[in-house]
There are 2 protein chains.
Amino acid sequence: MDTKKRSDCPISCSLDVWGDKWSLLIVRDLMFAKQCTYGDFLKSDEKIATNILATRLQMLEENGIVAKLNHPDSKAKVLYRLTQKGIDLLPIMIEINLWAEKYFTLPAERKALLKEIKKNKEGFLKARIKELKES
Amino acid sequence: MDTKKRSDCPISCSLDVWGDKWSLLIVRDLMFAKQCTYGDFLKSDEKIATNILATRLQMLEENGIVAKLNHPDSKAKVLYRLTQKGIDLLPIMIEINLWAEKYFTLPAERKALLKEIKKNKEGFLKARIKELKES
DNA sequence: TAAATTTGCTTGCATTTTGCAAGTACAAAT
DNA sequence: ATTTGTACTTGCAAAATGCAAGCAAATTTA
């Protein structure tokens, strides 16, 4: 897949992996839901096209950000989860949320969550990481 | 320009503005250099194409992230700088660097900077914001 | 147990974005 | 007066995106 590296800059290398319009939305879904099926991603508000979703999931898996797991209930279903590398994107995600809060009008529920985050950023982070790691 | 919003999610809204492969590299250049000419951006390692650069700068300006200033020495030159909204992307940029440090091999100089950042994140942030604000 | 449905994709094709090379307009230097 | 520098624009080929339809295996329903 997209394997060429534009430079050695950490920002550039990171963008080469997840710097498109969709990857971080997939990661976001997994940070909220902890685990998602293929269909769950398709249901998100942004309405990602199914071929794009398949490509992105493959890319994120190749890059060790998400992992595919067997669904306990059915062989027809697949579970996607964040790896440690994916979970480590949480601080970036939080900062994006905080930036967006300053410059966009957010849904009330998200505002509430951000209030909680700002109250105790480190605490929130640690708690969320723990939850995402639990099997 | 790209003015449609995919959803009300802060992550999605943010990506709609600067979530492409190039915008954050432009912002990065301005965070390091404080101000850049059009030519300065073209000189960066990643070798952005000139038409893409023009489009991105316009987009970033329309979205209030960068501002165009007159160059003190010449009418032929233009200076680009970060606005407050652009400067506020610094925490995101720092977190991306910290993530990348964990998962990529970085150039030695960048590693040194990151060491400094980790020693005192808040202090670094404040100092850098102050520098970027100075005229 | 056969048929219908769910699930996770793949395929084909039109539209959009990107990337490269060349060109242009205005300012400044020679 | 001519050449050079600076900031773009334009044209076109290649790649990525987006939409709709198709498909195979697993599961549910009749």
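Values in this document were obtained by computation on a predicted structure and should not be read as measured data. Numbered from 1 within each chain, the chains take letters A, B, ... in sequence-line order.
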Open item on the list: Going by side chain to side chain donor-acceptor pair (under 3.5 Å), A:E101 matches just one of A:K111, A:R110, A:K118. Which one?
Closed with: A:K118
- [ ] For D:dC8, take OP1 and OP2 only and decide whether either is under 4.0 Å from a side-chain N or O of B:T50.
- [x] no
- [ ] Starting at atom CG of B:N51, determine the distance to atom P of D:dT9, rounded to an integer number of angstrom.
- [x] 10 Å
- [ ] Quickly work out the A:W22 CH2 to C:dT16 P distance and round it to whole Å.
- [x] 16 Å
Open item on the list: What I'd like to find out is whether the side chain of B:I26 reaches to under 4.5 Å of the side chain of B:Y80, using heavy atoms alone.
Closed with: no
Task: Close side-chain approach of A:R6 and B:K21, heavy atoms under 4.5 Å - done: yes
Open item on the list: Does A:K75, at its NZ atom, have more than 12 non-hydrogen atoms belonging to other residues, nucleotides or ligands within less than 6.0 Å?
Closed with: no
Open item on the list: Please compare B:A54 and A:S74 by the position of their nearest nucleotide in DNA chain D and report the one closer to 5'.
Closed with: B:A54
Open item on the list: Closest approach to the side chain of A:I52, judged atom by atom: which nucleotide of D:dA7, D:dT27, D:dT17 is it?
Closed with: D:dT17
- [ ] Would you mind reading off the distance between A:E61 atom CD and C:dG8 atom C1', rounded to a whole angstrom?
- [x] 13 Å
Open item on the list: Just the rounded figure in Å: distance from C1' of C:dT7 to NZ of A:K77.
Closed with: 8 Å
Open item on the list: Quick check on D:dG5: is either OP1 or OP2 less than 4.0 Å from any side-chain nitrogen or oxygen of B:K75?
Closed with: no
- [ ] Calculate the interatomic distance between B:K21 atom NZ and C:dG19 atom P; express it in whole Å.
- [x] 9 Å
Task: Candidates D:dA7, D:dA26, C:dA28 - which lies nearest the side chain of B:A76 - done: C:dA28
TODO: Go through residues 40-48 of chain A and report each residue with a non-hydrogen atom lying under 4.0 Å from DNA chain C, sorted by number.
DONE: none
Open item on the list: Rounded to whole Å, please give me the gap between NE2 in A:H71 and P in C:dC9.
Closed with: 13 Å
TODO: Report the distance from atom CG of B:L69 to atom C1' of D:dA7, rounded to the nearest whole Å.
DONE: 16 Å
Task: Between CD on residue B:Q84 and CD1 on residue B:I129, distance to nearest 0.5 Å - done: 7.0 Å
Task: Closest non-hydrogen atom pair, A:L53 against A:Y38 - done: CD2-O, 3.6 Å
- [ ] Measure from CG on B:L53 to P on C:dT17 and round the result to the nearest Å.
- [x] 18 Å
Open item on the list: What I want to find out is whether B:D88 reaches B:K85 closely enough, with some N-O distance under 4.0 Å, to be called a salt bridge.
Closed with: no
Open item on the list: Does a side-chain N or O of A:Y80 approach OP1 or OP2 of C:dC9 to a distance below 4.0 Å, or not?
Closed with: yes
